[in-house]
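Remarks on the structure that follows.
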Amino acid sequence: MSIAIRMLLIATLASAWPALAHDLQYTVVGGQAVVIKLFYADDTPFTFEAYEIYRDGEQLPYQVGRSDSQGRIAFLPDRAADWRIKAFSEDGHGLDFKLSTDAAAQLAGSDKPAFERYSRIFIGLGFILGLFGLLNLYLKRQQKS
Amino acid sequence: MHIPDGFISPQTYLPAYAAAVGLWAYAARRVKRELDADTLPFLAAYTALSFVLMMVALPLPGGTTAHAAGIGLLAVSFGGWMAFLAVSLVLAMQALLFGDGGVTALPINALAMGLVGGFAALTAWKTFGRWNQTLALFFAGWLSIALPALLVALVLGVQPLIAHDAQGAPLFFPFGLSVTLPAVVLPHLLVGLAEGVLTVLGYRYLTRLRARLA
């Protein structure tokens, strides 16, 4: 093999080196994720809907994506922080809440609704009827005076 | 239909709050003149019904849910301003006590559902009621859901245009009008049918009950 052909072969191989940058590799490791389950009041999962996760105070999202077929979001926090979770469907349903992680990047706490859904109905009815009861007393007092 | 917190930009909700506060004050003065002790128990019962209806999610095709609201029923039974205040009360309670619907979105929800929905229903009832009461009531109920849904879709859909960063990425609700209009309005056209039936039945029941008690 002539020197010219050897040089050409070496040059060809060398020029192919950058192509390795396009060869996507992967590794698989287990990890402790925070899993958020999103669902409607009738337990229908909030499936394949968009979400964004931000470290508190940051503008650039830490993670974006779509919920899975079970309405779940899994993410791996990298440190102790407060995290803001925003999830939204195209029809305007959604949530915007916070959770926190500790120094081991494990879940430490999260916002919770003040009342369970069915308690809300009774509390709400009590509130409305109580308010109108007070209004009724006010109207009667007005009529007397 | 309640818009949660974090979806609406301050450029939208601050002017909406200003408008809503003025309208709530005006409505309170109007209602104070018109409200009497005979009407109050019915208004209380129908406001409570509206609250319960908003808590009952109806599953819809596509994996989403929607709910009736009783807005048309409140409007044709008690007038537009009473309906506006009653629906605003329900929405405020849901937002402040339960986190259903955002505090920042409260004026938009109240203006769209209570004011526009209520007065649209009342107008439909007054316009068509002289020809066919049943159809007019049904249409009033349907319109009280469909029109607010259209407004909410518009408000959500313009958020990416109103509030975005230097790169053009939306800071609040991310989907534009081409997405929100069909996604919000179409399901509510169906829910409006249930609201229409509810308005017909609820109004007739209330009329009979009032006549019996008079």
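This is a predicted model, so every value here is computed, not measured. Here is how names work: the chains are called A, B, and so on, in the same order as the sequence lines, proteins then strands, and each is numbered from 1.
Distance check, rounded to the nearest 0.5 Å: CG of A/L95 to CZ of B/F7 gives 7.5 Å. If you take CG on B/D5 and NZ on A/K86, they are separated by 10.5 Å, rounding to the nearest 0.5 Å. The OG atom of A/S89 lies 6.5 Å from the CZ atom of B/F173; values are rounded to the nearest 0.5 Å. With rounding to the nearest 0.5 angstrom, the CD atom of A/E90 is 5.0 Å from the CZ atom of B/F175. Here the CG atom belonging to B/L89 is positioned 5.5 Å from the CG atom belonging to A/L131, to the nearest 0.5 angstrom. Atom CG in B/L40 sits 9.5 Å away from atom NZ in A/K140 (nearest 0.5 Å).
Interface remark: B/V185 contributes no atoms to any contact with chain A (heavy atom separation under 4.5 Å). Residue contact with chain A, scored on non-hydrogen atoms closer than 4.5 Å, is absent for B/P41. Only the side chain of A/Y138 comes within less than 4.5 Å of a heavy atom of chain B; its backbone N, CA, C and O stay farther away. Both the backbone and the side chain of A/L125 come within less than 4.5 Å of a heavy atom in chain B. Residue A/L135 touches chain B through both its backbone and its side chain, counting heavy-atom pairs closer than 4.5 Å.
Heavy-atom pairs under 4.5 Å with chain A peak, among B/L43, B/L186, B/T180, at B/L43. In terms of heavy-atom pairs under 4.5 Å with chain B, the best-connected choice from A/F48, A/F132, A/F127 is A/F132.
Considering only heavy atoms from C-beta on, B/M93 comes within 4.5 Å of A/I128 through its side chain. Counting only heavy atoms from C-beta outward, the side chains of A/L139 and B/L35 approach each other to under 4.5 Å.
Considering every non-hydrogen atom in both B/P4 and A/G94, the closest pair reads CG-O, 3.4 Å. Shortest non-hydrogen contact noted between A/Q59 and B/L171 is OE1-CD2, 4.3 Å. Here the closest heavy-atom approach between residue B/G6 and residue A/R84 is recorded as CA-NH2, 4.1 Å.
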